[in-house]
There are 2 protein chains.
Amino acid sequence: MGRALRADAERSVRLILEAAERVLAADPGATLEQIAEAAGVARTTVHRRFANRQALLEALTESAERQLAEAIEEARPDTAPPLVALHRVTANVLRVKGAWSFALGHPAAQACTTGAVWAGVNARCLELFGRAQREGLFHPEADLEWTRRVYYALIGEALNDARGRDPESLAALVADTLLHGVGQRPGAP
Amino acid sequence: MGRALRADAERSVRLILEAAERVLAADPGATLEQIAEAAGVARTTVHRRFANRQALLEALTESAERQLAEAIEEARPDTAPPLVALHRVTANVLRVKGAWSFALGHPAAQACTTGAVWAGVNARCLELFGRAQREGLFHPEADLEWTRRVYYALIGEALNDARGRDPESLAALVADTLLHGVGQRPGAP
DNA sequence: ATTAACTGCAACACGAATGACGCACATAGC
DNA sequence: GCTATGTGCGTCATTCGTGTTGCAGTTAAT
């Protein structure tokens with residue numbers, strides 16, 4: 001690795017990554033030219049900071065993944081009661097995934113650094129879910145892998161649904177749907 | 001519109017559309033060349049049948065949407081009891097979406113023919129859900145739009161999950177998850 | 001203040017994908 | 001069997017995205 005970047009160069013990198021997220025979210029096949037324009041830099045600068053398109057994509061994914069992992073840890077998923085942890089993690093993840101929906105939503109994301117970060121996130125998730133199951137929050141026979149997929153899918157839908165609702169209420173909606181579905185509830189009058 | 005195609009030409013169209021689905025599902029940026037090869041025709045033939053890439057994509061989407069709409073109608077969603085209809089529709093949709101996951105899963109799908117078919121499908125879905133709600137299958141205060149999105153998302157996940165399971169059991173999983181979630185159920189011992 | 005790093009700009013090379021030909025051959029439909 | 005239609009093949013032009021280079025001017029870091 002080369003030596004540290006100068007301050008303005010680091011600022012360029014940040015601007016480019018943020019622009020890439022915006023532009024690629026709107027059109028996954030967008031040009032480096034378009035990204036550069038959105039970032040307010042010349043296309044050559046993009047090439048200077050990132051060897052090729054692939055490298056840019058990887059850097060984008062890695063940046064977003066790091067933020068996602070941080071957001072999850074921030075929610076202390078293994079010290080709070082499962083239901084509380086579920087709400088907190090969900091709200092935090094909604095925030096990060098909302099801001100980096102392309103970088104985190106793309107299949108290329110998993111295959112990047114052989115998906116080390118994703119494996120960690122998935123493990124964290126299953127950890128929490130396992131605890132939720134043992135403590136009686138989840139159905140004892142629930143398939144946790146299926147549960148995880150449903151959970152991710154609900155988060156994805158909640159993001160599209162974001163009609164001005166804040167992450168907190170969206171998280172509540174996700175958690176409630178995950179736990180109880182949309183059916184009539186047995187104990188209801 | 002020109003006159004009717006000859007039988008072999010229509011066969012070419014079908015082969016190309018099926019190949020496009022296969023190839024594009026694996027790589028959305030795939031070349032017309034690759035599609036032609038997978039279809040067993042020359043690239044020029046693809047150009048003869050479809051003016052440009054865009055036209056091919058639209059034809060692909062339209063074909064898949066028509067099949068989806070047919071599959072839904074085939075399940076008679078408004079004559080059977082809601083729970084039965086839900087299972088039948090889900091199983092049929094899983095079959096079609098499994099076979100045309102690219103054509104139906106892409107965002108371009110909705111924007112195609114101004115999404116007339118999609119509007120119909122969504123309406124059919126909401127119709128069924130409204131009945132399910134009135135007849136006590138769904139929670140009386142469930143947000144049907146959110147419910148629809150969750151339903152679509154569950155179907156999408158079920159397709160990724162298809163570890164050799166048949167559409168029937170996947171449909172059962174989707175319906176159960178939609179109705180009751182994965183939480184511990186109140187009446188359980 | 002000096003130096004090393006960074007940027008924008010212009011220009012270029014390169015490859016890939018697209019799309020349009022014409023031609024010879026086959027095949028469906030009557 | 002005749003004819004219109006369809007196909008494969010080879011070829012060509014064009015466009016577009018990518019990546020590189022050199023240079024002049026600017027800015028951060030010491």
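Letters A, B, ... mirror the listed sequences (proteins, then strands); counts begin at 1.
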Next item on the list: Could you check how far CD of Glu37(B) sits from C1' of dG8(D), rounded to whole Å?
Entry: 14 Å
Notebook entry, point to check: Taking the side chain of Thr31(A) as its heavy atoms from C-beta onward, which of dG8(C), dC6(C), dT18(D) lies nearest to it?
Noted result: dT18(D)
Note to self: Can you tell me if Thr45(B) touches the phosphate of dG6(D), counting only side-chain N or O atoms and a distance under 4.0 Å to OP1 or OP2?
What the structure shows: no
Next item on the list: Could you tell me whether Glu135(A) and Arg131(A) have a side-chain N and a carboxylate O separated by less than 4.0 Å?
Entry: yes
Notebook entry, point to check: Within less than 4.0 Å of OP1 or OP2 of dT27(D), is there a side-chain N or O belonging to Arg11(A)?
Noted result: no
Check: Roughly, in whole Å, what's the span from CZ in Arg49(A) to C1' in dT20(D)?
Finding: 15 Å
Note to self: Classify Gly29(B) by what it touches in the nucleic acid, base, sugar-phosphate, or nothing, heavy-atom distance under 4.0 Å.
What the structure shows: nothing
Note to self: Under 4.0 Å between a side-chain nitrogen and a carboxylate oxygen: does that hold for Glu74(A) and Arg88(A)?
What the structure shows: no
Note to self: Output the rounded distance in Å from CG (Leu5(A)) to P (dA4(C)).
What the structure shows: 18 Å
Next item on the list: For Arg48(B), answer base if it contacts any base atom (sugar-phosphate contacts may also be present), sugar-phosphate if it contacts only those atoms, and nothing otherwise; contact means non-hydrogen atoms under 4.0 Å.
Entry: base
Check: Contact class for Thr44(B) vs. all strands (heavy atom < 4.0 Å): base, sugar-phosphate, or nothing?
Finding: base
Check: Could Arg14(B) and Glu10(B) be called an ion pair, given the rule that one side-chain N must be under 4.0 Å from one carboxylate O?
Finding: no
Margin query: Test your reading of the model: is there a side-chain donor-acceptor pair from Arg148(B) to the backbone of Cys125(B), 3.5 Å cut-off?
Written below: no
Next item on the list: Mind calculating the distance between CD1 (Ile35(A)) and P (dG19(D)) to the nearest angstrom?
Entry: 11 Å
Notebook entry, point to check: DNA chain C: Arg43(B) or Arg6(B), which has the more 5' nearest nucleotide?
Noted result: Arg43(B)
Note to self: Expressed as a whole number of angstroms, how long is the span from Leu32(A):CG to dC16(D):C1'?
What the structure shows: 12 Å
Margin query: From CZ of Phe50(A) over to C1' of dT7(C), roughly how many Å is that when rounded to an integer?
Written below: 15 Å
Next item on the list: Mind calculating the distance between CD (Glu33(A)) and C1' (dC9(C)) to the nearest angstrom?
Entry: 12 Å
Check: Can you check whether Arg53(B) has a side-chain N or O nearer than 4.0 Å to OP1 or OP2 of dT18(C)?
Finding: yes
Next item on the list: Take Thr61(B) and Glu58(B) through the test side chain to side chain donor-acceptor pair (under 3.5 Å) and record every step on the way to the result.
Entry: CA-CA 5 Å; Thr61(B) 297; Glu58(B) 283 174 13; over 6 Å; no
Check: dA28(D) P sits how many Å from Glu10(A) CD, rounded?
Finding: 14 Å
